[in-house]
Amino acid sequence: AANSGKLSDVVKVDTINNIAAAIQQTRYKDAVNELKLMLSNKHDEESYRKWFLSHPWVFGTEYLKPEQNRQVGWKAKGDIILTSVDGYQDIIELKLPTVKVLIYDDSHDNWYPSADLTLTIAQVVKYIHDSEDERTTIALKEKLPFLKPRARIVIGRSNGWEGKQNDALRRFNAALHSIQIMTYDHLLMSASRMIQYYEGY
């Protein structure tokens, strides 16, 4: 029946949809397990970029697809450009999970951004500025209509963090405009929660 295109004559449409949803859930779970395995081994930035390009759903349902074109300025290219449901582009910047995210300042009992994170934020701020400054040119030549783009930075690990480190990152994110910093563990947790949510239906 499936080969002849008449499966709906044998099985109810709702049943077919449920089977398709179950298959998709399995794919999502396999993807999360694959990322966990990658994090337990050594991989370069390009390997992670390819994984995220294959699984953009981990960034949430607000995104439709990744763009093949990654131009964010006259000369600059972002790691991943995602098209949101409103048709505009957002920027994803990836750093390795081995990169330090926060450093402890014992003189003030405070956690502050590492040099690598600070450089990445500066890089992303420039990407946002360039995409806005050259918006008309990029829209015409590259077919990427940037307008007030948001950016996400995926960097480092947080699986061994305590409350104060999570608090520090949350405060830091709240102080940034249109930029969100996420660790690979935060992203894994978000993806797992998404799978659990849909399994409830």
Atom [atom1] of [X] and atom [atom2] of [Y]: how far apart are they, to the nearest 0.5 Å?
X	Y	atom1	atom2	answer
Leu188	Asn33	CG	CG	9.5 Å
Leu39	Tyr184	CG	OH	7.5 Å
Ser158	Leu187	OG	CG	10.0 Å

- Pair Val99-Leu117, side chain to side chain contact (heavy atoms under 4.5 Å, CB included): steps then yes or no: CA-CA 8 Å; Val99 172; Leu117 177 54; over 6 Å; no
[Y] backbone acceptor or donor facing [X] side chain under 3.5 Å:
X	Y	result
Glu132	Lys148	yes
Ser190	His186	no
Asp185	Asn159	yes
Ser192	Met189	no
Asn173	Gln180	no

- Message: Would a single hydrophobic cluster contain both Leu119 and Leu169, if residues Ile, Leu, Val, Met, Phe, Trp and Tyr are joined by side-chain heavy-atom contacts under 4.5 Å?
- Response: no
- Query: Do Tyr112 and Ile153 share a hydrophobic cluster, counting only Ile, Leu, Val, Met, Phe, Trp and Tyr and linking them when any side-chain heavy atoms are less than 4.5 Å apart?
  - Reply: no
Any non-hydrogen side-chain atom of [X] less than 4.5 Å from a side-chain atom of [Y]?
X	Y	answer
Leu102	Trp161	yes
Asp79	Glu45	yes
Phe52	Leu82	no
Val58	Tyr28	no
Gln89	Pro149	no
Ile181	Ile121	yes
Thr183	Gln165	no
Asp109	Lys164	yes

Classify the angle between the aromatic ring planes of [X] and [Y] as parallel (below 30°), tilted (30 to 60°) or perpendicular (above 60°).
X	Y	answer
Trp57	His55	perpendicular
Tyr104	Trp111	tilted
His43	Tyr48	perpendicular

- Message: Give me the atom names and distance for the closest heavy-atom approach of Ile128 to Ser178.
- Response: CD1-O, 4.3 Å
- Item | Minimum-distance pair of heavy atoms, taken over all atoms of Pro97 and Arg157 | O-CG, 3.3 Å
- Query: Is any side-chain N of the basic residue among Glu67 and Lys65 closer than 4.0 Å to the acidic one's carboxylate O?
  - Reply: yes
- Message: side chain to side chain donor-acceptor pair (under 3.5 Å), that's the test. Do Asp116 and Ser114 meet it? Break it down for me.
- Response: CA-CA 5 Å; Asp116 286 322; Ser114 68; 5.1 Å; no
- Could I get the full list of side chain to side chain contact (heavy atoms under 4.5 Å, CB included) partners for Arg170, not counting sequence neighbours? none
- Task: Begin from the C-alpha positions of Arg49 and Glu46 and carry the test side chain to side chain contact (heavy atoms under 4.5 Å, CB included) through to its verdict.
- Result: CA-CA 5 Å; Arg49 193 181 80 84; Glu46 181 61 20; 3.1 Å; yes
- Applying side chain to side chain contact (heavy atoms under 4.5 Å, CB included), run through Ile195 and Lys29 and close with a yes or a no. CA-CA 7 Å; Ile195 291 170; Lys29 288 179 180 179; 4.0 Å; yes
- Task: Show your working on side chain to side chain contact (heavy atoms under 4.5 Å, CB included) between Ile81 and Ile92 and close with a plain yes or no.
- Result: CA-CA 6 Å; Ile81 306 298; Ile92 308 294; over 6 Å; no
